[in-house]
Visitor: 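Handing you a structure now.
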Number of protein chains: 2
Amino acid sequence: MNDSQIFLNIQKHIDLTAEERDWISAVLELRDIPKKERVLEQGQICRKLYFVESGSLRAYNSNKQGKESTIMFAVQDWWITDMYSFVNQKPALLSLETLEDSRLYSLDFLALEQLFTKIPKLERFFRILFQKAYVREQLRVLDAISRTTEDRYARFVAKYPQITSKVTQKQIASYLGVTPEFLSSVKK
Amino acid sequence: MNDSQIFLNIQKHIDLTAEERDWISAVLELRDIPKKERVLEQGQICRKLYFVESGSLRAYNSNKQGKESTIMFAVQDWWITDMYSFVNQKPALLSLETLEDSRLYSLDFLALEQLFTKIPKLERFFRILFQKAYVREQLRVLDAISRTTEDRYARFVAKYPQITSKVTQKQIASYLGVTPEFLSSVKK
DNA sequence: ATAAAAGATTAAGATAGTTTAAGAGACTAT
DNA sequence: ATAGTCTCTTAAACTATCTTAATCTTTTAT
């Protein structure tokens with residue numbers, strides 16, 4: 001397990017000793033999840049942070065009228081969770097669902113808190129991870145409030161070709177915040 | 001300086017010794033900036049992270065047609081910068097402008113990198129800061145793609161009453177991504 | 001105190017996006 | 001294999017939002 005994707009991911013930003021990798025391995029859980037299964041249901045408290053070893057997921061919110069809004073996609077080598085629910089341990093605003101058969105590592109909330117104490121370097125890793133996530137979301141807000149749907153669709157496809165090939169147009173539409181019918185008409 | 005707002009802010013999440021506060025003070029710069037002055041111009045490389053000791057600022061992007069989109073406001077006790085430009089040391093997408101006479105602390109990019117080495121606890125502080133920023137932006141994306149303008153305006157006013165009282169409707173409109181004319185009509 | 005500039009409101013006509021509905025193609029389960 | 005479900009497309013009617021422009025109010029600069 002010490003040479004798996006997840007350690008390569010962490011070691012992009014910090015160095016880990018063999019012992020530190022062991023401590024992390026000890027609390028990581030690895031699970032194979034079939035396609036279209038939800039690992040988190042909106043309303044539940046999210047106890048896990050997920051790392052996508054293989055496969056892909058979608059995080060989305062459903063409003064009272066049942067309209068879905070996709071907040072993020074995650075493919076291999078990405079971290080994903082309902083971060084609001086995870087860090088505050090409050091009911092999730094999002095559901096997390098696999099788009100295909102996937103292999104996921106999960107890190108428990110309390111185990112992660114203990115890892116931060118045991119391996120302070122991890123604070124640095126997650127500082128950098130959240131920093132990038134913050135910048136990414138801020139750019140997405142800018143796109144959402146300043147660009148046309150046509151433009152945003154083109155940029156999505158250019159930025160995330162791996163995702164574009166895995167998801168339906170309906171799901172991309174719900175990521176852009178438009179109806180599938182309108183996205184279909186925009187594509188021409 | 002050791003009892004100023006900025007240390008109270010940092011000490012919300014981590015404890016600092018007197019010596020550590022001194023190290024930080026040594027690289028902090030404090031400046032009074034008059035109203036409507038830009039501390040960062042879009043296109044420049046952003047070298048500073050700002051903390052608002054008093055006053056308020058706005059971060060915004062201008063597109064080719066000159067249309068402004070407000071990415072964030074910052075009031076007393078908030079941190080602000082063009083985080084994309086700051087962490088990547090690339091040309092800024094945003095301008096930063098004071099909304100009123102303000103007193104700002106600034107932390108230089110390289111000085112902060114050195115502080116992370118000297119005071120590893122700061123990694124934890126910024127990990128928590130970015131974690132909250134990420135969650136905030138993700139919720140803003142959800143609002144932007146799933147709610148009506150009327151709803152988003154009401155939520156903005158409810159969430160940021162201090163900001164609402166300081167900024168023009170034009171600026172709120174540019175934060176919501178609608179024209180001032182439409183925001184005006186929505187308010188009735 | 002006055003003039004100039006910027007912000008807010010209103011309204012008419014244009015464009016962007018939604019809703020509903022229908023039909024064609026693809027996948028899923030029995 | 002067949003029916004059933006889901007996706008994608010198209011179109012018409014409707015609603016939300018933008019553009020432009022005029023008027024009024026507030027702020028800023030001399």
Side-chain angles (χ1 to χ4, degrees), chain A residues 34-38 55-56 58 60-70 73 95 97-101 141-157 163-188, chain B residues 33-38 55-56 58 60-70 73 95 97-102 141-157 163-188:
Chain A
K35 182 175 182 167
K36 284 196 179 170
E37 186 162 314
R38 274 189 288 277
S56 52
R58 181 171 74 103
Y60 63 94
N61 170 269
S62 301
N63 71 7
K64 316 94 229 156
Q65 297 94 48
K67 189 186 117 193
E68 292 185 0
S69 300
T70 296
F73 298 104
S95 293
E97 183 177 88
T98 50
L99 294 168
E100 61 193 314
D101 291 351
V141 166
L142 180 57
D143 270 19
I145 68 177
S146 71
R147 295 183 182 273
T148 63
T149 298
E150 187 175 358
D151 205 355
R152 294 199 294 136
Y153 176 70
R155 288 162 64 88
F156 179 85
V157 171
I163 295 175
T164 307
S165 62
K166 285 187 176 173
V167 306
T168 63
Q169 281 193 202
K170 193 182 167 188
Q171 290 167 342
I172 296 178
S174 87
Y175 179 92
L176 298 176
V178 299
T179 60
E181 292 84 356
F182 182 60
L183 180 57
S184 176
S185 81
V186 153
K187 282 177 49 177
K188 295 184 315 184
Chain B
I33 312 283
K35 180 172 183 169
K36 283 198 179 166
E37 186 161 315
R38 275 189 288 276
S56 52
R58 181 170 76 102
Y60 63 96
N61 171 269
S62 301
N63 71 6
K64 316 93 230 157
Q65 298 95 46
K67 190 187 119 193
E68 293 185 358
S69 300
T70 296
F73 298 104
S95 294
E97 183 177 88
T98 50
L99 294 169
E100 61 193 313
D101 292 350
S102 301
V141 167
L142 180 56
D143 270 18
I145 68 176
S146 72
R147 295 183 183 272
T148 64
T149 298
E150 185 175 359
D151 205 354
R152 294 200 293 135
Y153 176 70
R155 288 162 63 88
F156 178 86
V157 171
I163 294 176
T164 307
S165 63
K166 284 188 177 174
V167 306
T168 63
Q169 280 191 203
K170 192 181 167 189
Q171 291 168 339
I172 297 179
S174 86
Y175 179 94
L176 298 176
V178 298
T179 60
E181 293 84 357
F182 182 60
L183 180 57
S184 176
S185 83
V186 153
K187 284 178 47 177
K188 295 183 316 182

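Chain letters run A, B, ... following the sequence lines, proteins first, then strands; residues in each count from 1. Quick caveat: nothing in here was measured; it's all calculated off a predicted structure.
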Visitor: In this structure, which one of B:Phe73, B:Tyr153, B:Tyr60 forms a ring-ring contact (aromatic ring centres under 6.0 Å, His included) with B:Tyr175?
Guide: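 Of the listed options, the one satisfying the test is B:Phe73.
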Visitor: Given atom CZ of A:Arg147 and atom P of C:dA16, what is their separation to the nearest angstrom?
Guide: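 Nearest whole value for this atom pair: 16 Å.
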Visitor: Side chains of A:Ser56 and A:Glu100: is there a donor and an acceptor less than 3.5 Å apart?
Guide: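 Yes, a side-chain donor-acceptor pair sits under 3.5 Å.
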Visitor: Take the protein atom CD1 of B:Ile145 and the nucleotide atom P of D:dA16, then report the distance between them rounded to whole Å.
Guide: 19 Å
Visitor: Would you tell me if any nitrogen or oxygen in the side chain of A:Lys67 comes within less than 4.0 Å of OP1 or OP2 on C:dT18?
Guide: no
Visitor: Do any of residues 175-188 of chain B sit with a heavy atom less than 4.0 Å from DNA chain C, and if so which?
Guide: B:Glu181, B:Ser184, B:Lys188
Visitor: Counting N and O atoms only, with roles assigned by atom type, does the side chain of A:Thr98 sit under 3.5 Å from a partner on the main chain of A:Glu37, one being a donor and the other an acceptor?
Guide: yes
Visitor: Quick one: B:Glu100 CD to D:dT27 P, roughly how many Å, whole number?
Guide: 15 Å
Visitor: Is there a donor-acceptor contact under 3.5 Å from the side chain of A:Asp101 to the main chain of A:Pro34?
Guide: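 Side chain of A:Asp101 to backbone of A:Pro34: no pair is present.
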Visitor: Would you kindly give the OH-to-P distance between A:Tyr153 and C:dG17, to the nearest whole Å?
Guide: 15 Å
Visitor: Taking the side chain from A:Arg58 and the backbone from A:Gln171, do they hold a donor-acceptor pair closer than 3.5 Å?
Guide: no
Visitor: Tell me whether the OP1 or OP2 atom of C:dG17 has a side-chain N or O from A:Thr149 closer than 4.0 Å.
Guide: yes
Visitor: Ignoring backbone atoms, test whether B:Gln169 places a side-chain nitrogen or oxygen under 4.0 Å from the OP1 or OP2 oxygen of C:dT9.
Guide: yes
Visitor: What is the distance from CD of A:Glu150 to C1' of C:dG17, rounded to the nearest Å?
Guide: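 After rounding, the gap between these two atoms is 14 Å.
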Visitor: For a quick check of understanding: with a heavy-atom distance under 4.0 Å over all strands, which category does B:Lys35 fall into, base, sugar-phosphate or nothing?
Guide: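 Touches sugar-phosphate only.
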Visitor: Figure out the CD/C1' separation between A:Glu68 and C:dT18, and round it to whole Å.
Guide: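 Spelled out: CD on A:Glu68 to C1' on C:dT18 is 17 Å.
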Visitor: Hydrogens and angles aside, do A:Ser95 and A:Arg38 bring a side-chain donor and acceptor to less than 3.5 Å of each other?
Guide: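 Result is no, nothing qualifies.
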Visitor: Nearest to the side chain of B:Thr168, which nucleotide is it out of D:dT28, C:dT9, C:dG7?
Guide: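 In terms of side-chain proximity for B:Thr168, the closest of D:dT28, C:dT9, C:dG7 is C:dG7.
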Visitor: NZ of A:Lys166: more than 12 outside heavy atoms within 6.0 angstrom?
Guide: yes
